[in-house]
Structure formats: structure tokens, C-alpha cells
A.B. asks: 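This is the structure, below, for whatever I ask next.
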Amino acid sequence: MSRAIALIDGNSFYCSCERVFDPKLAAVPVIVLSNNDGCAIARTAEAKALGIRMGEPYFKIRDLCRRQGVRVFSSNYTLYGDMSARTNAVYRDFSPRVEIYSIDESFLDLSDVRERERLELARDLRATVRAWTGIPTCVGIGPTKTLAKLANHIAKSIPELGGVCDLSDEDERAAWLCRVHVGEVWGIGRASLAKLEAMGVDTVADLRDLDPRPVRKAMTVVGERIIHELRGLACLPLELLPAQRKGCAVTRSFSKRIEDRATLEQAVAAHATRLGEKLRRGGLGTNHVSVFYHTSEHDRGEPMRSVSTTVTLPEATNDTLALIKAARLGVEKTWREPGERPWRYSKAGVVTTDLMLLETSPRALIGQLDRERSGPLMAAIDTCNVRFGRGSVVPARAGLEEKRAWSTKFEMRTPRYTTQLAELPTAQAY
DNA sequence: TCTGGGGTCCTAGGACCC
DNA sequence: TCTGGGGTCCTAGGACCC
């Protein structure tokens, strides 16, 4: 039987999560903002129709939102992550072979389903996800991941299709590929689009018919792969096991500018604390911690400064206290006392790019860290923070969440309906 | 007259994704 | 006043080795 991959994704996923818990949002425009309530990163169809663009800064559209009755939310990643897990649980009922690609997208292997039954299964899948989780979705099917993504795009943009599209049939596929702009292809971004347009490419079919060799010259092997995938030749396998992650970062813009060293050190300590939590969840460790902080490019006419440095540890660790020490050392090494006009820092982060499994990582001969003590201590902290909420136990260096003046803003955040007992939604019957 | 050749590893930067 | 965060992959070029 022929290979068939389905891509299913949540429509305006973050907005849909908010709608699940507030029926009054059903027919009104809704947007969800990025960290710090900075930009619109999810918009419902109604919001898109008002001209609100992806990534548009909120301060530019605040008036529009007020005038048009757009409901605006801070992002609530705890809620979205949990809703994502619920949708994936439903997907697994339909195919045991699922690749979770992002928080709102998964690939399903439907190769075992007869071609003429695939659309029906896709409709059933959508209906079940909607009934069991409340999330509306679209499904695209094709012989390769790239074609499944394209089918999903078609399903989403043509309402008459009812949220499903199958490009398995070669003739139907050829007809569709002539009708879709090449910029919609997965992997074609701004730079590649400019190159392709210069080569006279307009539709997806034009790209499919190009000679792969010159494309490889212009767009590397990535471009060549896309052509083969569009022709139905699979180059991208389904990744059923999540790959071990290679890097990990915690970076945040401040809700207000920072000028003094003590506050900056507190911020990087808080980021390092979060970094430790993330590493421990995967049993990973690192022996290089990079620290950066910089002023904002939007502060025109002010003194600018951008700093980045790497601190090396004697051996890999995920101990929060060791990570904090490294991060603070990074600030100490690079801090410069301000002159008459101080630098007003807007963002800081801690970054690691060389993660390894802690258990099997080599030990240092000199400067060995005390893993026998660190492990149980970190485990105890993590347990407290799971049971009593994140931030219940933090190192003193990182400061208490409530007292961090620079903390990220989430002024319009909804409750964590599904993961905190104290924040369960309530329903009233009259 | 007359430059070695072939290999690995690392890093920075570009591009793209959600 | 107010402009996100966190990833992956690929390539070119330099350093280094024998």
C-alpha cells in the first residue's frame, strides 16, 4: 500500500484553547500575545479578517482591538501544553505512529489505511478531537511530509473542503499544485522565495518541475529535498521518538529596562534556575553556560551595548546552584560601570548548546562537582515546585517571583484550568 | 623556475520553523 | 510607556593534524 502521511494541526491553536473554557469567545475575534504581552502570535479567523498580522506589536493594534471588540489574552503555556497533550492522546487512537512536531501539529502515519478510506478517517479524527477536547483542527494527507503540510494548508484556506484535504491521487495533486503559491511550501522562507521568484517560479508546480541541481546550488540540499518531496519521493522520515535535544536556552525581555548590576545578576540567576529545571527534566547536563544581555534596538539615540560570554564548568551539571554561579560569573566578567548616560538593558538570557546525558557524561579529575549531594537536593526542589507550583522554592539569588520588578508581563492571562486544582473552571446551573 | 594533499573538528552566520 | 522565545539544519572557512 502507498505511503500516506497526515498532518493535523489546531486552528489558531492558542486562541482555540482559550475558547474551550469561555463559550462567549466563540464568535468574536480573539488574539493571544507573546511574552511580555508584546506581539500577537495567535489570531482567530475573525481577528485576521480585521487585518491583524502575525507578530504585530500589540501597542500598535491596541486601539483597533478596543474599537472592534477583539478579546486579547496573554499566553498561558501551561494550559496550551496540557491541551496539546490531550489532542495527541486522541491522535494515537487513530494511528499508533505519531510524530509530535510542535505544540499544535502532529504527523500521523496512515499508510495502512486504504486510499479511498483516508478522507473519511480524517473527518472522523477531526470530529473526535473536537468532541473530546474542544479544539478545531484541519487535516492534510499526502505521500510525503511536505505534501501533507501543503494539503493541510489547502484544507485550511478552502472552507468548502470541510477541513480535510488528501493529495494522494496524482492527478488531483497536480491540479492543486498549479493553484498554490510557492511561498506556501514548508521550508520556503523569505530568502528562498526571492531566489525562486528570480528564477521565474510562481506556483508550487513550477518549483516541483525545476531541475534539482541548480536549486541545490542556490538553496543547499534543503531546496533539493523539497523538490523531491513535492514529486512524492519521501526524503523526510517520520520521527517517532523525540530526538535528544541539542541545546537549551532561557531568554527573556524585561518588562522594564534594567540599569544596575544587582538586578541584572538576579535576572540571569532566575534564568539559570529555569534552565536547571529544563535540563533535569531530560536528565541532561552541560559544561558550558553562555550568558548574554543587551540594550534594545528600539531605544534609538541611547547608548547601545550587547554582551555575550561563555563560562566553562569543570564537568557537566544540571545543578541550579552551579548554573547560577556560572551565569553570575558571566555578568561579573563583562559588567561595565555606566558613565553619564547609563546603558538601559532590555533583555538577558542563558544559553547552552552542548547538552549531554548527565548519567553517562565524563567526570572531571579536578574540580569534580558533588553529584551525590546535588541530585537529591535538586530532586527535592523539583518535587516541591511541582506540588506547590513553580517558584515555591527558589535559590535566594534568583529572588522571589513577586519581588522581581523586571519580570515578564502577563496581564491578561487566564487560569491554568486543567493543571491546577485551585484554578479549575466553575460552571453554574440556574 | 613552479605552492602537497587529504582529512577532521569547530564556529559563526544564514535560513527556516512554530 | 509599549516591539517574543526557543529550536533545527546547513555551509563556508579557519585551525589543526599527519
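Predicted model, so just to flag it, every value in this text is computed and none were measured. Lettering of chains follows the sequences in order, A, B, ..., and the numbering in each one begins at 1.
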A.B. asks: In whole Å, what is the span from the CG atom of A:D104 to the P atom of B:dC17?
C.D. replies: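 Distance, rounded to whole Å: 15 Å.
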A.B. asks: Can you measure A:F107 atom CZ to B:dC18 atom P for me and round it to whole angstrom units?
C.D. replies: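 Rounded to the whole Å, the gap is 9 Å.
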A.B. asks: Under 4.0 Å between a Lys/Arg side-chain N and an Asp/Glu carboxylate O for A:R416 and A:D82?
C.D. replies: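 No, A:R416 and A:D82 are not salt-bridged.
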A.B. asks: In terms of relative ring orientation, are A:Y80 and A:F13 parallel, tilted or perpendicular, with 30° and 60° separating the classes?
C.D. replies: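 Rings of A:Y80 and A:F13: perpendicular, as their planes differ by over 60°.
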A.B. asks: Is any side-chain N of the basic residue among A:E46 and A:R19 closer than 4.0 Å to the acidic one's carboxylate O?
C.D. replies: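 Judged by the 4.0 Å cut-off on N to carboxylate O distance, A:E46 and A:R19 do form a salt bridge.
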A.B. asks: A:L193 CG to B:dG14 P: how many Å, rounded?
C.D. replies: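 These atoms are roughly 19 Å apart.
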A.B. asks: Please state whether the rings of A:W335 and A:Y345 are parallel, tilted or perpendicular, taking 30° and 60° as the class boundaries.
C.D. replies: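 Tilted, since the angle between the ring planes falls between 30° and 60°.
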A.B. asks: Using whole Å, report how far CD1 of A:I188 lies from P of B:dC17.
C.D. replies: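 It is 8 Å, rounded to the nearest whole Å.
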A.B. asks: Quick one: sort the A:H294 and A:F292 rings into parallel, tilted or perpendicular, breaks at 30° and 60°.
C.D. replies: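 Correct class here is parallel.
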A.B. asks: If we count only N and O atoms by modelled type, under 3.5 Å, do the side chains of A:D166 and A:S168 hold a donor and an acceptor together?
C.D. replies: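 A:S168 and A:D166 do have a side-chain donor-acceptor pair below 3.5 Å.
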A.B. asks: How far, in whole Å, is B:dC2 from C:dC18 if one measures between their C1' atoms?
C.D. replies: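 So the two C1' atoms sit 25 Å from each other.
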A.B. asks: Any base atoms under 4.0 Å from A:K195, or only sugar-phosphate, or nothing? Heavy atoms, all strands.
C.D. replies: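 No contact.
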A.B. asks: If the P atom of B:dC17 is compared with that of C:dT3, how far apart are they to the nearest Å?
C.D. replies: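 It comes out at 26 Å once rounded to the nearest Å.
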A.B. asks: In dot-bracket form, 5' to 3', how is DNA chain C paired? Count Watson-Crick and G-U wobble pairs only if both distances fall under 3.5 Å, and write | where the partner sits on another strand.
C.D. replies: ....||||||||||||||
A.B. asks: Name the closest nucleotide to the A:S192 side chain, picking from B:dC16, B:dC17, C:dC2.
C.D. replies: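 Given the options B:dC16, B:dC17, C:dC2, the side chain of A:S192 is closest to B:dC16.
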A.B. asks: Would you kindly give the CD1-to-C1' distance between A:I52 and C:dT3, to the nearest whole Å?
C.D. replies: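 That distance rounds to 16 Å.
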A.B. asks: Measure from CZ on A:R344 to C1' on C:dC2 and round the result to the nearest Å.
C.D. replies: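 Those two atoms, CZ and C1', are 12 Å apart.
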A.B. asks: Looking at A:E56 and A:K60, is any side-chain nitrogen of the basic one under 4.0 Å from a carboxylate oxygen of the acidic one?
C.D. replies: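 Answer for the salt bridge query: no.
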A.B. asks: Base, sugar-phosphate or nothing for A:E56? Non-hydrogen atoms, less than 4.0 Å.
C.D. replies: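 No contact.
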A.B. asks: Any base atoms under 4.0 Å from A:Y101, or only sugar-phosphate, or nothing? Heavy atoms, all strands.
C.D. replies: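 Sugar-phosphate only.
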A.B. asks: Describe, in one word, how the ring planes of A:F254 and A:H271 are oriented to each other, choosing from parallel (under 30°), tilted (30 to 60°) and perpendicular (over 60°).
C.D. replies: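 Ring orientation, 0 to 90° scale: parallel.
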A.B. asks: Could you check whether A:V351 gets within reach of a base, just the sugar-phosphate, or nothing at all, counting any heavy atom under 4.0 Å?
C.D. replies: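 Contact class for A:V351: none.
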A.B. asks: Let's go through A:T146 and A:R225 carefully: what are the C-alpha distance in whole Å and the side-chain angles of both, what is the deciding distance for side chain to side chain contact (heavy atoms under 4.5 Å, CB included) to 0.1 Å, and is it a yes or a no?
C.D. replies: CA-CA 10 Å; A:T146 304; A:R225 269 203 290 255; over 6 Å; no
A.B. asks: What's the CZ-C1' distance between A:F59 and C:dT3, to the nearest Å?
C.D. replies: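 These atoms are roughly 6 Å apart.
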A.B. asks: Taking protein heavy atoms under 4.0 Å as touching, what does nucleotides 4-10 of chain C look like 5' to 3' if B marks base contact, S marks sugar-phosphate-only contact and - marks none?
C.D. replies: BSSSSSS
A.B. asks: What is the separation between atom CG on A:D37 and atom P on C:dT3, rounded to the nearest whole Å?
C.D. replies: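 After rounding, the reported distance stands at 10 Å.
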A.B. asks: Think A:R413 forms a cation-pi with A:F410, using NZ or CZ under 6.0 Å from the six-ring centre and within 45 degrees of its axis?
C.D. replies: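 Yes; both conditions hold, so A:R413 lies above the ring face of A:F410.
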